[in-house]
Amino acid sequence: MTYCDVIVLAAGRGSRAGVDKMLHRLLWDTVIERAVQAFASLDFVKKIIVAASADNIAEIENIFVDFRQKPVKVILGGATRHLSVKAALDKVQSPIVLVHDGARPFVSPPLIESVYKETLAKGSAVPVLAVADSIRKIEQDKIVGIVDRNNYVLVQTPQGYNANELKKAFSLADRIDYSDEAELYLQKIASPQIVEGSADNYKLTSPFDLVASGQKVGVGWDLHKLIKDKPLTICGVKVPYDWGLDAHSDGDVAVHAIIDALLSATGLADIGWHFPDTNPSLKDVSSMLLLAEIAQKLDTLGNSINNLVVLIIADKPKLNSFAEKMKDELSAVLGIKKEQIALHFKTSEGVYPPLTMQCWALCSLS
Ligand code: MG
């Protein structure tokens, strides 16, 4: 079999997305893990070289320390794409090399295979997409010409090359700011061959791409009995009432449901596992302190809350007038805006057993 080595570029500054895209979590895996995993499952891939930046190299090395599917070598990239590929090419030993943007984590094995096969047959392969929108030539703020979009394509990665020819192109380079390998190859070697790309293989660019591509939802539910002469605390707010919620903690039924929603979205065990009611130090504890601990845990895992929906079902007391104060408390502890929280109150119209209060919570994380 003719093997190929893969270069995955992860040294970009990510300035358009405002964060380091490579370390952003898509469901369970980071962007860079997803990109690498797509290649690791293919038998013709010999090894994967990840070009990282000085800022993310330690974390990326850590991500791949236990990676067993294929050898992954993390190297320090350069100040430009060209310099990163150049540094990585020094480590390439297979006759074929594929160069891929780490910010395209949804690349599919069939697309990679198509690039590999075309490179094997023709010496190069660049995946391209037809242009769907119209193209116009502009000058300053006016359209000054019509361009036939059928003469143009959008270029993706992975790009495949005969490794020796790409190394030769790099040795002949007279700049360090080629936009991609296809530009350099075209100028120094030959016209690269094209294959059909895929719309799924898009590049994560804006903060919206990051949010849209990695959403997780969670749900939580809780119920407590109301008992005489206990303070009633809901969403961290003391509600004047003769009855309070029976529990080992302060019984904040809404906060318990919210904690379970957050934990379920991240795939972690539920509230009872984290805060067992057999723990004497949690006797009468403020549930908001527990929520703060879970919020901290989410933060450490790299998750952020998109929105939170809380639905409290109780026939008594009336809670609507406390809604704003409750949102204030929740937004402060969770570090989100009040606009990201919806708080609804329902009665059971006397159908549910009296003297109970229950709460549903739903959340979306990215
Ligand atoms: Mg509870």
Side-chain angles (χ1 to χ4, degrees), residues 216-299 301 303 305 307-320 322-323 325-336 340-348 350-365:
K216 299 169 274 208
V217 296
V219 62
W221 174 85
D222 198 21
L223 178 149
H224 285 269
K225 280 188 289 198
L226 285 158
I227 54 168
K228 197 79 177 153
D229 297 326
K230 189 181 176 185
L232 178 61
T233 307
I234 303 169
C235 296
V237 175
K238 293 258 182 299
V239 176
Y241 196 50
D242 294 340
W243 301 69
L245 291 164
D246 187 21
H248 183 63
S249 67
D250 67 356
D252 195 326
V253 66
V255 169
H256 297 175
I258 293 167
I259 288 174
D260 270 342
L262 297 173
L263 289 170
S264 66
T266 53
L268 295 172
D270 73 5
I271 186 169
W273 188 88
H274 289 271
F275 307 112
D277 62 8
T278 49
N279 181 347
S281 71
L282 297 177
K283 179 84 185 112
D284 295 324
V285 70
S286 162
S287 299
M288 292 298 269
L289 290 177
L290 311 183
L291 182 61
E293 205 174 311
I294 296 302
Q296 177 63 46
K297 189 181 284 287
L298 293 189
D299 201 43
L301 291 171
N303 291 122
I305 299 169
N307 71 321
L308 173 68
V309 180
V310 182
L311 169 60
I312 297 171
I313 308 165
D315 287 347
K316 282 182 186 169
K318 290 276 173 251
L319 296 170
N320 297 53
F322 299 93
K325 184 83 179 70
M326 290 174 178
K327 282 192 194 179
D328 284 337
E329 294 293 321
L330 292 175
S331 70
V333 167
L334 296 171
I336 58 177
Q340 290 169 275
I341 304 170
L343 194 50
H344 290 190
F345 305 102
K346 298 277 175 195
T347 74
S348 81
V351 173
Y352 283 177
L355 302 177
T356 61
M357 190 175 284
Q358 51 173 293
C359 181
W360 286 93
L362 283 95
C363 68
S364 152
L365 308 185

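Just so you know, ligand 1 is whichever comes first in the structure, and atom 1 is the first atom listed for that ligand.
Leu362 has its side chain out of reach of Val217: every pair of non-hydrogen atoms, C-beta onward, lies at least 4.5 Å apart. Counting heavy atoms from C-beta outward, Glu293 and Phe275 have side chains that approach closer than 4.5 Å. For the pair Leu319/Leu343, no side-chain contact is recorded, criterion being any heavy-atom separation below 4.5 Å from C-beta on. Looking at Val310 and Met326, their side chains never come closer than 4.5 Å, going by heavy atoms from C-beta outward.
The aromatic rings of His224 and His256 stand perpendicular to each other, their planes meeting at an angle above 60°, with 30° marking the opposite boundary.
A salt bridge links Lys325 and Glu329; the closest N-O separation between the charged side-chain nitrogens and carboxylate oxygens is under 4.0 Å.
Counting only protein N, O or S atoms, 3 lie closer than 2.8 Å to the Mg ion (ligand 1).
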